[in-house]
Amino acid sequence: MNTVILKSGKEHSVLRRHPWIFTGAVGKVEGDPANGETVRILDSKKNSLGLGTWSGVSSIAVRIWSFDPDETIDAAFFQRKIAAAYELRKTIFNRALPEAFRLVYAESDGLPGVIADLYRDYAVVQLSTAGADHFRDEIAGALLPYAPGGIYERSDVDGRKREGLEPVKGLLRGGPLPEKIDFTENGLRFQCDAVSGHKTGFYLDQRINRAVVSSEMTAGAEVLNCFCYTGGFGLAALQGGAGKVINVDSSEPALEQARLHAGLNGFSGDRFQTVCADVFQYLRRCRDAARSFDVIILDPPKFADTISQREKAARGYKDLNLLALKLLKPGGKLFTFSCSGAMDDELFAKVIASAAQDAQADFRVVRKLMQGPDHAVSANFPEGHYLKGICGILAGRG
């Protein structure tokens with residue numbers, strides 16, 4: 001087996017069980033490992049630290065599979081890891097698993113680059129690293145007992161480019177998959193479009209937050225749901241008693257699916273309205289028309305992939321929230337989110353505070369929100385915490 005030897009003092013993060021080794025920590029590579037090949041990791045004194053997967057093109061040179069140097073990375077390894085992830089979800093959900101949930105959450109489940117979401121009897125998988133790509137067949141085989149209906153791969157994420165990988169999309173096992181996979185969440189009916197939808201077809205990470213929106217809704221409220229995608233938050237608002245929801249997104253296919261979801265749940269068109277528009281432009285038009293809303297939900301796509309993009313992203317989040325706060329009625333509620341991993345909680349809170357100041361808004365934060373528990377974050381891998389949310393009330397202006 002090829003070997004990666006770390007520079008002196010660079011073993012500390014590995015000893016803390018962090019699963020990434022950056023190129024700057026690598027002192028020497030013995031052998032010529034191929035992209036995605038398993039390598040042995042040694043400290044500068046040649047003590048064995050574990051096994052990982054090599055990437056010759058990424059800034060993360062090694063992603064660690066196991067901190068046990070005697071481990072074997074084979075089909076049985078992935079079977080054990082995925083079985084452990086499944087048992088953890090059973091514990092998280094108190095043995096009552098939902099119809100759709102995240103089964104494998106990459107590094108937090110000890111499987112760097114592997115995402116697997118279950119939708120009833122089907123799995124949708126993303127393999128975003130060279131190592132995950134290398135073990136595609138073993139991973140698919142290990143998932144099959146939990147997804148007997150079929151496994152569909154959606155490895156068409158931007159992160160693969162940083163690993164020197166081309167996008168891959170298609171059926172991995174079983175099938176064929178239905179055009180839309182029906183499932184229920186929080187008492188609402190949805191459909192997952194595994195082939196054409198965003199990510200794995202649905203944003204499962206917002207399950208708990210959709211339930212919060214439903215529980216925090218004021219009867220009869222007029223709600224503006226921005227970046228609505230297929231309408232999850234809008235339906236949660238109606239479930240909680242909202243009078244009307246205006247759902248805004250720039251994708252007409254997403255809005256078409258949102259309207260279908262509304263119909264599946266018996267919500268009439270006058271209560272569930274859709275607008276195909278750029279959200280920033282739509283908010284400005286509402287501002288110019290002196291519109292106001294009881295509740296505004298902001299769930300934008302990722303504004304920053306890397307730390308270098310964080311400053312630009314912060315400006316985008318500030319502009320977005322400033323516009324929303326100007327449209328919020330006194331006593332109204334704002335639910336605002338960031339799914340950018342490069343934006344930490346502290347910076348996001350500062351951005352919201354700055355937006356409130358510029359809007360001359362007395363904005364009171366009443367709840368902090370994050371990704372659902374099936375996206376549990378390993379204490380050794382804080383980077384797994386990416387979804388930040390704030391629920392607040394406009395107490396007044398001036």
Side-chain angles (χ1 to χ4, degrees), residues 203 205-206 208-210 212-213 216-218 221-229 232-234 236-237 242 245-250 275 277-305 307 309-371 385-398:
Y203 289 119
D205 54 358
Q206 290 280 26
I208 300 300
N209 300 328
R210 285 188 282 266
V212 170
V213 164
E216 292 275 351
M217 199 53 52
T218 302
E222 185 175 9
V223 180
L224 180 61
N225 180 24
C226 298
F227 307 99
C228 70
Y229 188 43
F233 276 115
V245 181
I246 299 174
N247 300 274
V248 186
D249 201 280
S250 61
V275 177
D278 175 272
V279 168
F280 284 89
Q281 294 177 7
Y282 183 82
L283 292 175
R284 292 187 184 101
R285 291 200 297 270
C286 288
R287 177 200 61 195
D288 295 343
R291 290 290 307 275
S292 60
F293 299 90
D294 299 300
V295 178
I296 298 177
I297 303 164
L298 303 175
D299 185 24
K302 188 186 298 184
F303 284 1
D305 278 318
I307 295 294
Q309 299 171 331
R310 186 163 57 180
E311 184 176 341
K312 181 180 178 181
R315 291 196 297 269
Y317 285 118
K318 180 180 177 180
D319 290 346
L320 179 64
N321 284 275
L322 174 58
L323 286 165
L325 286 165
K326 288 182 176 180
L327 300 179
L328 202 60
K329 294 178 182 178
K333 294 178 181 177
L334 173 67
F335 295 86
T336 181
F337 296 94
S338 166
C339 64
S340 299
M343 290 283 294
D344 58 37
D345 291 87
E346 183 179 2
L347 179 56
F348 187 57
K350 286 180 178 178
V351 166
I352 303 306
S354 180
Q357 183 178 11
D358 286 4
Q360 296 185 324
D362 181 5
F363 183 67
R364 310 289 179 87
V365 176
V366 298
R367 193 190 291 260
K368 295 286 186 73
L369 305 167
M370 65 175 290
Q371 64 223 48
H385 170 53
Y386 67 94
L387 183 60
K388 288 128 325 247
I390 288 174
C391 168
I393 295 176
L394 179 62
R397 297 194 185 276

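We use all heavy atoms of the structure for the numbers below, so side chains are in, but hydrogens, waters and symmetry mates are not.
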Check whether any side-chain N or O of [X] sits under 3.5 Å from a backbone N or O of [Y] as a donor-acceptor pair, and report yes or no.
X: Lys333; Y: Glu216; answer: yes
X: Asn209; Y: Met370; answer: yes
X: Ser338; Y: Ser340; answer: yes
X: Lys326; Y: Arg287; answer: no
X: Asp278; Y: Gln281; answer: yes

key: Candidates Thr336, Asp344, Asp345 - the one meeting side-chain contact (heavy atoms from CB on, under 4.5 Å) with Lys388   =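 Exactly one pass, corresponding to Asp345.
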Option passing side-chain contact (heavy atoms from CB on, under 4.5 Å) with Phe233 (candidates Val295, Val245, Val213) =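 One option only clears the test, and that one is Val213.
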query = With distance as the sole criterion, is a donor-acceptor pair present between the side chains of Asp205 and Tyr386 under 3.5 Å?
reply =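 There is such a pair between these side chains.
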task = May I ask you to test the Ile246-Tyr282 pair for a side-chain heavy-atom distance under 4.5 Å?
result =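 They are in contact (side-chain heavy atoms under 4.5 Å apart), so the answer is yes.
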Minimal non-hydrogen separation, [X] against [Y], with atom names:
X: Tyr317; Y: Pro300; value: CE2-CG, 3.9 Å
X: Ala359; Y: Leu325; value: CB-CB, 4.0 Å
X: Gly234; Y: Asn247; value: CA-OD1, 3.7 Å
X: Leu334; Y: Ala324; value: CD1-CB, 4.2 Å
X: Arg310; Y: Ala342; value: CD-O, 2.8 Å
X: Cys226; Y: Leu283; value: SG-CD2, 4.1 Å

[X] [atom1] to [Y] [atom2] distance, which is reported to the nearest 0.5 Å:
X: His385; Y: Gln371; atom1: NE2; atom2: CD; answer: 6.5 Å
X: Ile297; Y: Arg210; atom1: CD1; atom2: CZ; answer: 10.5 Å
X: Cys339; Y: Asp299; atom1: SG; atom2: CG; answer: 7.0 Å
X: Lys312; Y: Phe303; atom1: NZ; atom2: CZ; answer: 10.5 Å
X: Asp362; Y: Gln357; atom1: CG; atom2: CD; answer: 12.5 Å

message = Can you confirm if the aromatic rings of Tyr203 and Phe337 lie within a centre distance of less than 6.0 Å?
response =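 Aromatic pair excluded; centres sit 6.0 Å or further apart.
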ask   = Can Val212 and Cys391 be said to form a side chain to side chain contact (heavy atoms under 4.5 Å, CB included), step by step?
value = CA-CA 9 Å; Val212 170; Cys391 168; 5.6 Å; no
request  = Mind running side chain to side chain contact (heavy atoms under 4.5 Å, CB included) on Leu224 and Arg291 for me, showing each step along the way?
outcome  = CA-CA 11 Å; Leu224 180 61; Arg291 290 290 307 275; over 6 Å; no
task = Apply side-chain contact (heavy atoms from CB on, under 4.5 Å) to Leu394 and list each qualifying residue two or more places apart in sequence or on a separate chain.
result =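 Leu328, Ala361, Arg397.
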inquiry  = Between Lys318 and Asp358, does any NZ, NE, NH1 or NH2 come within less than 4.0 Å of an OD or OE carboxylate oxygen?
reply    =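 Counted as a salt bridge, because a side-chain N and a carboxylate O are separated by less than 4.0 Å.
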query = Salt bridge or not for Asp294 and Lys329, using N-O below 4.0 Å?
reply =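 A salt bridge is present here (some side-chain N lies under 4.0 Å from a carboxylate O).
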request  = Apply side chain to side chain contact (heavy atoms under 4.5 Å, CB included) to the pair Phe363 and Ile390, showing each step before the final yes or no.
outcome  = CA-CA 11 Å; Phe363 183 67; Ile390 288 174; 4.3 Å; yes
task = Step by step, work out the side chain to side chain contact (heavy atoms under 4.5 Å, CB included) result for Phe280 and Leu320.
result = CA-CA 7 Å; Phe280 284 89; Leu320 179 64; 3.8 Å; yes
